[in-house]
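All remarks here apply to the structure that follows.
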Amino acid sequence: MGKTLFDKIWDSHVVSEIPDGPSILYIDRQFIHEVTSPQAFTGLENRGRSVFRPAQITATADHNIPTMDQHLPIKEQLSAFQVQKLKDNCARHGITYYGLGDEFNGIVHVIGPELGYTQPGMTIVCGDSHTSTHGAFGAVAFGVGTSEVEMVFASQCIMQPKPKRMRITINGDLGKGVTSKDLILYVLSKLTASGATGYFIEYAGTAITNMSMEARMTVCNMSIELGARGGLIAPDEKTFAYVKGRKYAPQGADFDVALEKWKQLYSDADAKFDKEFTFDANDIVPMITYGTNPGLGMKISDSIPSLDSIDSASKETFKKALDYMGFVPEQSLLGKEIDWVFVGSCTNGRIEDFRLLAQVLKGRKKAPHVNTYIVPGSYLVAQQIKEEGIDKILADAGVELRQPGCSSCLAMNEDKVPPGKYCVATSNRNFEGRQGPGARTILASPLTAAAAIVTGKITDPREFL
Amino acid sequence: MPIEKFIKTVSRAVPIPIEEIDTDQIIPARFLKATDKIGFGNNLFRDWRYDATNKPIATFPLNNPKYSGTILVGGKNFGCGSSREHAAWAIADYGFKVVVSSFFADIFKNNVLNNGVLPVQISDAFLAEIFAQIEKDPNTEFEVDLQKQTITIMATGKSESFDINAYKKDCLLNGYDDIDYLISKLPEIEAFEKRV
Ligand code: SF4
């Protein structure tokens with residue numbers, strides 16, 4: 001019987017298997033950042049060991065940094081200390097580190113692909129659940145805890161039970177004004193936030209293959225919100241073209257050798273998946289969330305479900321979510337006034353996302369009462385924003401562009417949304433307090449976020465296209 | 001560096017009958033600035049435990065003197081969201097030895113296991129029964145036996161078994177740690193690197 005793409009990559013990285021236990025899985029690349037690595041370095045050093053394969057580890061500061069005045073010392077003491085600690089740890093162990101202001105600094109899942117570290121067929125981990133982003137390149141990439149970060153430091157391996165395989169196929173074409181973010185929010189609304197727990201997803205179908213690499217990254221990024229260990233997409237000509245010529249991608253003849261291998265990376269026609277879902281792209285429209293997990297989403301023109309339609313075990317959780325959000329069952333959210341808009345994160349902080357934003361903002365103005373956090377995913381993205389003149393469009397609209405970082409995605413820095421305020425966010429999580437204590441997050445695409453900037457309300461972005 | 005051994009525990013339980021409890025609730029992001037593993041228990045469920053003025057919210061189970069014990073019981077899909085191991089450190093630091101739910105998020109499950117806390121996954125029906133039993137009598141004790149892989153409601157004798165892979169069970173019973181195990185396998189790992 002044929003093998004799935006996931007099996008091909010996983011199996012070729014198994015060093016050994018423990019009967020009725022996890023596999024020892026070899027990791028090609030580990031990304032680290034300031035928040036989930038310090039305890040792993042301490043643990044390693046307490047064992048009297050050093051990093052086993054420092055050249056296979058890349059570090060960036062992104063989670064806990066300001067997005068203004070990055071040339072100045074970080075004001076908040078604990079944050080300054082945490083970032084300094086990463087720098088010191090990397091220096092001591094010979095790990096490449098992209099610090100604040102470095103031309104290659106940025107959100108870990110944005111810079112990995114940009115710099116060509118992320119390649120088809122690899123195993124990739126990071127102490128951040130959205131490591132699944134790198135799956136867009138046909139890599140087995142997933143988030144791990146700090147103990148596992150330390151495992152990779154010590155041995156370039158982790159101990160992992162093998163997940164089951166799921167395929168999600170989306171056929172057809174996405175309509176005008178419908179983005180890959182809407183597609184994944186749609187899938188989430190159908191399968192729920194635990195719909196893929198225990199699985200590794202492969203995304204397939206024409207709606208996926210027609211997407212750019214950036215759009216594919218948005219889809220794979222949110223696999224974790226389905227509960228999946230990760231999600232991947234078979235590499236194709238678009239993937240190879242994206243990787244070719246990047247700084248740390250194989251160069252010259254090495255690239256040709258790699259390419260031959262990458263072309264073998266697909267699920268065989270007779271490969272078996274443990275679970276399959278198929279959706280029709282024509283049914284997808286701009287989506288928003290109304291609750292406090294990413295599975296609680298709906299079409300932008302729909303109403304929040306009625307209490308009767310929720311099964312009894314989930315009723316309390318549903319009520320708690322609506323209570324937190326200040327919504328009621330059967331409410332429609334179109335036209336609902338909002339206070340903040342966040343455009344950025346590893347989900348939608350790439351150049352394409354800023355092009356979408358500019359497309360709506362061009363020649364229009366920000367609604368006066370709306371506050372914004374507009375945050376590029378990396379310095380390279382920021383630079384491209386300038387080159388394409390998007391910065392001018394934003395300035396004309398009365399919108400301020402900040403410096404790269406995770407920013408209001410997890411609000412560890414000062415980019416918080418005040419208690420009770422509504423924020424339309426292009427990030428990935430609408431959990432209680434995610435954007436600051438009491439903040440109310442509505443997840444959406446960059447187009448829907450842009451429309452909200454202009455009207456100050458939940459607005460179908462197709463009106464502006 | 002061995003982890004704490006886990007063999008069996010008999011204790012009362014603290015119920016949080018909410019589904020989809022994500023790790024942002026277990027430990028909010030603003031507490032992730034620490035560079036060591038200690039003291040996270042103080043901020044476990046911070047924003048559900050305390051109001052904006054830092055006053056304890058009396059109705060939250062961790063603040064309710066009715067409930068105590070080393071077993072935490074949560075609704076389904078417990079531990080979803082962020083991979084932050086700080087959530088596992090907070091739970092362990094607070095003093096919990098067992099987390100019970102009908103469904104755990106994958107990364108969270110690995111994280112607690114790596115910190116000597118046992119995730120016990122049971123059926124939806126048994127979870128509902130446990131919640132009902134605590135509601136009826138918060139003094140009810142539960143026995144979690146790793147050797148036998150069972151969880152029992154002492155008052156009724158009702159029991160259900162749970163899954164754990166043999167390797168992880170062995171690690172917990174003996175206090176073994178994955179990192180030491182991997183270090184012992186370095187020659188094999190180096191041979192693998194040469195092979196590919
Ligand atoms: S942008 Fe958000 S999800 Fe992405 S790496 Fe940063 S904190 Fe994690």
Side-chain angles (χ1 to χ4, degrees), chain A residues 12 15-16 18-22 24 26 35-36 38-39 42-43 46-47 49 52 63-64 78-79 81-82 85 127-129 143-148 150-151 154-159 161 163 193-194 197-198 227 229 293 295 313-314 316-317 320 410-412 419 429 431-434 437-438, chain B residues 1 17-20 22-25 28-30 32-37 46-48 52 75-77 80-89 102-108 110-111 113-115 124 127-128 165-168 170 177-183 185-186 188-189 191-193 196:
Chain A
S12 67
V15 176
S16 66
I18 299 171
D20 192 19
I24 299 182
Y26 190 82
V35 176
T36 58
Q39 294 87 349
T42 308
N46 285 345
R47 286 169 211 267
R49 309 205 60 96
F52 178 58
H63 279 63
N64 188 14
L78 281 174
S79 306
F81 183 74
Q82 198 172 45
K85 188 115 189 157
D128 182 282
S129 55
V144 294
T146 298
S147 294
E148 288 157 322
E150 187 181 337
M151 289 178 209
S155 68
Q156 204 56 37
C157 288
I158 56 171
M159 313 277 294
S194 59
T197 304
R229 208 68 186 83
N293 75 59
S314 307
E316 272 316 303
T317 309
K320 187 176 190 302
L410 88 167
M412 263 190 88
R429 286 186 174 142
F431 297 152
E432 283 185 30
R434 176 78 179 180
Chain B
M1 251 172 303
I18 303 286
E19 296 179 348
E20 320 278 349
D22 59 79
T23 53
D24 272 80
Q25 309 317 315
R30 61 187 187 281
L32 309 187
K33 297 186 182 189
T35 51
D36 51 32
K37 293 186 187 180
R46 180 77 200 192
D47 294 337
W48 287 0
K76 85 160 185 261
N77 204 20
C80 57
S82 159
S83 63
R84 60 187 70 165
E85 197 162 315
H86 311 67
W89 302 333
S102 60
F103 207 67
F104 289 100
D106 283 328
I107 306 181
F108 177 79
N110 282 341
N111 285 346
L113 279 167
N114 284 331
N115 287 279
D124 285 321
L127 182 69
N165 72 54
Y167 167 82
K168 270 295 172 194
D170 209 39
D177 159 286
D178 277 352
I179 305 174
D180 286 336
Y181 179 81
L182 282 171
I183 290 170
K185 295 285 173 192
L186 281 178
E188 211 178 310
I189 294 167
F192 173 87
E193 286 178 322
V196 292

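Any value given below was found using the heavy atoms of this structure, including those in side chains, with hydrogens, waters and symmetry copies removed. Reminder, nothing fancy here: chain letters follow the sequence lines and each chain counts from 1.
Proximity to chain B is limited to the backbone of A/Val144, based on heavy atoms less than 4.5 angstrom apart. Interface remark: B/Gln25 contributes side-chain atoms only to the contact with chain A (heavy atom separation under 4.5 Å). With a threshold of 4.5 angstrom between heavy atoms, B/Asp106 approaches chain A through its backbone and through its side chain. The contact between A/Arg434 and chain B is made by backbone and side chain atoms together, counting heavy-atom distances below 4.5 Å. Heavy atoms of A/Leu78 lying under 4.5 Å from chain B belong to its backbone as well as its side chain. Residue A/Leu410 touches chain B through both its backbone and its side chain, counting heavy-atom pairs closer than 4.5 Å. Of the atoms belonging to B/Ala166, heavy atoms from both backbone and side chain fall under 4.5 Å from chain A. Neither the backbone nor the side chain of B/Lys168 comes within less than 4.5 Å of any heavy atom of chain A. Using a 4.5 Å cut-off between heavy atoms, B/Phe192 contacts chain A through its side chain alone, with no backbone atom that close. Within the 4.5 angstrom heavy-atom criterion, no atom of A/Ala411 approaches chain B. For B/Phe108, no part lies under 4.5 angstrom from a heavy atom of chain A.
Note that CZ of A/Phe81 and OG1 of B/Thr35 are 4.5 Å apart. Values are rounded to the nearest 0.5 Å. Atom OG of A/Ser147 is separated from atom CG of B/Asp177 by 7.5 Å, given to the nearest 0.5 angstrom. Between the SG atom in A/Cys157 and the CG atom in B/Asp178 there is a gap of 12.0 Å [rounded to 0.5 Å]. Here CG of B/Asp24 is found 12.0 Å from CG of A/Asn293. Values are rounded to the nearest 0.5 Å. Atoms CG and CE, on B/Asn114 and A/Met159 in that order, are 9.5 Å from each other to the nearest 0.5 Å.
Residues A/Ser194 and B/Glu19 have side chains not in contact (no heavy-atom distance under 4.5 Å, counting atoms from C-beta outward). No side-chain heavy atom of A/Glu316 sits under 4.5 Å from any side-chain heavy atom of B/Pro17. Side-chain atoms of B/Asp180 and A/Arg47, non-hydrogen and from C-beta on, do get closer than 4.5 Å to each other. A heavy-atom distance below 4.5 Å is not found between the side chains of B/Leu32 and A/Asn64. Between B/His86 and A/Val35 the shortest side-chain heavy-atom distance falls below 4.5 Å. At a threshold of 4.5 Å between non-hydrogen side-chain atoms, the residues B/Asp22 and A/Glu432 do not count as touching.
B/Ile107 approaches A/Gly145 most closely through the heavy-atom pair CG2-N, 4.2 Å. Across all non-hydrogen atoms, the minimal contact from B/Gly81 to A/Arg429 is C-NH2, 3.0 Å. Minimum interatomic distance between B/Ser83 and A/Gly127 (heavy atoms only, all atoms of both residues): OG-C, 3.5 Å. B/Leu182 and A/Ile158 make their closest contact through CD1-CA, 4.2 Å (heavy atoms, listed as atom of the first residue, atom of the second, distance). The two residues A/Pro437 and B/Arg30 have their closest heavy-atom pair at CG-NH1, 3.6 Å. Between A/Thr197 and B/Phe104, the closest heavy-atom pair is CG2-O, 3.5 Å.
Looking only at heavy-atom pairs under 4.5 Å with chain A, the residue among B/Arg46, B/Glu20, B/Lys185 that has the most is B/Glu20. In terms of non-hydrogen atom pairs under 4.5 Å with chain A, the most contact-rich of B/Ile18, B/Asn165, B/Ile179, B/Ile189 is B/Ile179. Counting heavy-atom pairs closer than 4.5 Å to chain B, the top residue among A/Gly227, A/Ala313, A/Gly433 is A/Ala313. Your options are B/Asn115, B/Ile183, B/Asn111, B/Asp124, and the one with the most heavy-atom pairs under 4.5 Å with chain A is B/Ile183. Of all the listed residues (A/Ser129, A/Gly21, A/Gly295, A/Ser79), the one sharing the greatest number of non-hydrogen pairs under 4.5 Å with chain B is A/Ser129. Comparing A/Ser314, A/Gly438, A/Pro419 by heavy-atom pairs within less than 4.5 Å of chain B, the highest count is held by A/Ser314. Interface summary for chain B: among A/Pro163, A/Pro22, A/Pro161, the most heavy-atom pairs under 4.5 angstrom belong to A/Pro22.
In this structure, A/Gln39 contributes its side chain and B/Lys37 its backbone to no donor-acceptor pair below 3.5 Å.
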